Amino acid sequence: MTPAPAPAEPRREILRLAVPAFLALVAEPLFLLADSAIVGHLGTAELAGLGVASTALVTAAGVFVFLAYGTTSIVSRHLGAGDERAAVAAGVDGLWLSVLLGTATAAVVALAASPISGVFGASAAASAQATTYLRISALGLPAMLVILAVTGVLRGLQDTRTPLLASVSGFGANIGLNLLLVYGLHWGIAGSAWGTVIAQTAMGAALVAVLVRRCILLRARIAPHPGRVLTAALTGIPLLVRTLALRATLLVTTWVAASLGDVPLAAHQVALTVWSFLAFALDALAIAAQALVGKALGAGDRARVRTSMDTMVRWGTRGGLAVGLLLVALHSVLPPLFTADPAVHEALGAALVLVGLGQAVSGYVFVLDGVLIGAGDGRWLAGASVAVLVAYLPVVLAARALGTGRPATEGVVLVWLAFLVFMLLRAAAIGWRARRDSWMVVGART
């Protein structure tokens, strides 16, 4: 039977949250797309180095995505239960935690930039470029984590427009600064890193100002409370494990691409950036799911959770199919935008076909992931993510063995076929969980 259409009100709520989130999330990976396009024209070593540094940097910040996801769930539950002041106070705890984690992570990444770059096994030239980019970009990590935390608070408060304005402004500044510093002042890859750091810091400051203003209006606590900050950290551990497992997947996949040579690594870097771009776009529905599911469960409305989830799954799958087919159609048009190397053109074009074919599965996975995060089902997500990673490792290692010694295009195709298997494994696990009811626990959570 064909599922009944969702009532107009939930659909409006989904669109109200998802459309600004979509635009903001598309702007976010444009930081990396802009870097790839600008740095790619400096040379293949620079582009490959950017691939290594970006993967390490995004991993360093991305493991703390619970600052956004976990905060959205907690804040939206308090909001659904009718206590906005408690919702904002919970968000402040996440903000202070982000400052502590961001400062510590920046210090580690800056000091260990060279060995981190060397882990990927890229050529000496690529590793040198990666080290330069990583040392400078580490300065932007505190701002990156602050952005995650405050964005999570605002999403939980059902506000996705403010993060959109911050993202668009930051993206515009990033492009202008990178062009000036890389081409105008001839700073090379270092100029790209500095431009991104400046833009990220400005975004973080603007978002903190918005949250502080909200605290003043509601007379909510702004000063840090050590006990509550510690509680926020402990609450985020399951989502941290989930994220670490997912980041480990991306890291081992990039490591396999790097082991096949600079051309496969450069092509993989751009393909992964495009995948991230599309993932963030599809993840707009997941953001809406986190906020709506948390609020509905806080209000004790399980029926609304099911209705919204079914609608968003359909939209996510169909949206993924549409953007995937568009990418397949453009697979030979996009490569010249990122590099002038003909070998990278060929390998990248083949990879983009596989990226496109996997987008329907991605849309399904991202929506259900958002639903379970919004429900606070972090423990199950942590266990499932680790299990899927364990199942993926022999697949991607087999791709490495088969790709060694083969032409660059064949190697990249094997890497992305393995990654497609990973997404199918993830879809099977998360779909099984979503069909059950044990994750729909109602009421506010502290």
Side-chain angles (χ1 to χ4, degrees), residues 29 32-33 36 47-63 65 116-123 126-127 130 134 242-280 282-283 324 327 338 344 347-359 361-362 365-366 369 384-404 406 408-427 429:
L32 286 179
L33 280 173
S36 296
L47 182 57
L50 177 65
V52 169
S54 295
T55 300
L57 190 66
V58 170
T59 299
V63 294
V65 76
I116 289 173
S117 300
V119 166
F120 292 88
S123 68
S127 294
L134 200 54
R242 161 205 170 268
T243 304
L244 284 172
L246 297 178
R247 290 295 169 184
T249 299
L250 298 179
L251 281 171
V252 73
T253 305
T254 299
W255 172 76
V256 168
S259 71
L260 300 178
D262 278 1
V263 170
L265 175 58
H268 172 74
Q269 150 62 15
V270 178
L272 186 61
T273 303
V274 172
W275 180 85
S276 298
F277 178 87
L278 297 178
F280 277 119
L282 293 172
D283 212 30
L327 181 59
F338 298 96
V344 179
L348 176 57
L352 291 179
V353 171
L354 293 173
V355 173
L357 294 177
Q359 288 308 298
V361 176
S362 295
V365 168
F366 297 155
D369 190 55
S385 297
V386 171
V388 170
L389 170 61
V390 170
Y392 173 63
L393 288 176
V395 176
V396 72
L397 292 176
R400 179 176 184 265
L402 292 172
T404 301
R406 291 179 177 269
T409 299
E410 293 182 17
V412 171
V413 166
L414 287 168
V415 169
W416 278 92
L417 281 174
F419 191 75
L420 183 56
V421 170
F422 162 75
M423 291 302 297
L424 290 170
L425 290 171
R426 196 176 170 200

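All residue numbers refer to positions in the sequence shown, counting from 1. All figures in this text were calculated on a predicted structure; none of them were measured in a lab.
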Trace of the side-chain contact (heavy atoms from CB on, under 4.5 Å) decision for Leu260 with Leu414:
CA-CA 11 Å; Leu260 300 178; Leu414 287 168; over 6 Å; no

Within-4.5 Å side-chain heavy-atom neighbours: [X] and [Y]:
{"X": "Ser362", "Y": "Leu278", "value": "no"}
{"X": "Leu246", "Y": "Arg426", "value": "yes"}
{"X": "Val252", "Y": "Arg400", "value": "no"}
{"X": "Leu265", "Y": "Thr254", "value": "yes"}
{"X": "Trp275", "Y": "Leu272", "value": "yes"}

Rounded to the nearest 0.5 Å, how far apart are [atom1] of [X] and [atom2] of [Y]?
{"X": "Leu50", "Y": "Thr273", "atom1": "CG", "atom2": "OG1", "result": "7.0 Å"}
{"X": "Phe422", "Y": "Thr249", "atom1": "CZ", "atom2": "OG1", "result": "4.0 Å"}
{"X": "Leu354", "Y": "Leu417", "atom1": "CG", "atom2": "CG", "result": "5.0 Å"}

Could you pull out the closest heavy-atom pair between [X] and [Y], with the gap in Å?
{"X": "Ala130", "Y": "Gly49", "answer": "CB-O, 3.3 Å"}
{"X": "Pro264", "Y": "Val412", "answer": "CA-CG2, 3.6 Å"}
{"X": "Leu420", "Y": "Gly358", "answer": "CD1-CA, 3.7 Å"}
{"X": "Ala266", "Y": "Leu47", "answer": "CB-CD2, 4.2 Å"}
{"X": "Ala271", "Y": "Leu348", "answer": "N-CD1, 3.6 Å"}

Taking salt bridge (charged side-chain N to carboxylate O under 4.0 Å, His left out) as the test, write out the residues that go with Asp283, two or more places apart.
none

Can you name the side chain to side chain contact (heavy atoms under 4.5 Å, CB included) partners of [X], sequence neighbours left out?
{"X": "Leu251", "result": "Thr55, Thr59, Phe120"}
{"X": "Ala427", "result": "Val361, Tyr364, Val365"}
{"X": "Ser127", "result": "Ala122"}

What pairs of donor and acceptor atoms, side-chain ones from residues 385-399 against any protein atom, are under 3.5 angstrom apart with sequence neighbours left out?
residue : atom : partner : partner atom : Å
Ser385  : OG   : Leu381  : O            : 2.7
Tyr392  : OH   : Thr253  : OG1          : 2.8

What's the verdict on side-chain contact (heavy atoms from CB on, under 4.5 Å) for Val344 and Gln269, showing C-alpha distance, side-chain angles and the deciding distance?
CA-CA 11 Å; Val344 179; Gln269 150 62 15; over 6 Å; no

Given Phe419 and Val355, is the side-chain contact (heavy atoms from CB on, under 4.5 Å) satisfied, shown in steps?
CA-CA 9 Å; Phe419 191 75; Val355 173; over 6 Å; no

If you apply the rule side-chain contact (heavy atoms from CB on, under 4.5 Å), what do you find for Val413 with Val353, and how did you get there?
CA-CA 9 Å; Val413 166; Val353 171; over 6 Å; no

Sequence-distant partners of Arg247, side chain to side chain donor-acceptor pair (under 3.5 Å), two or more places apart
none

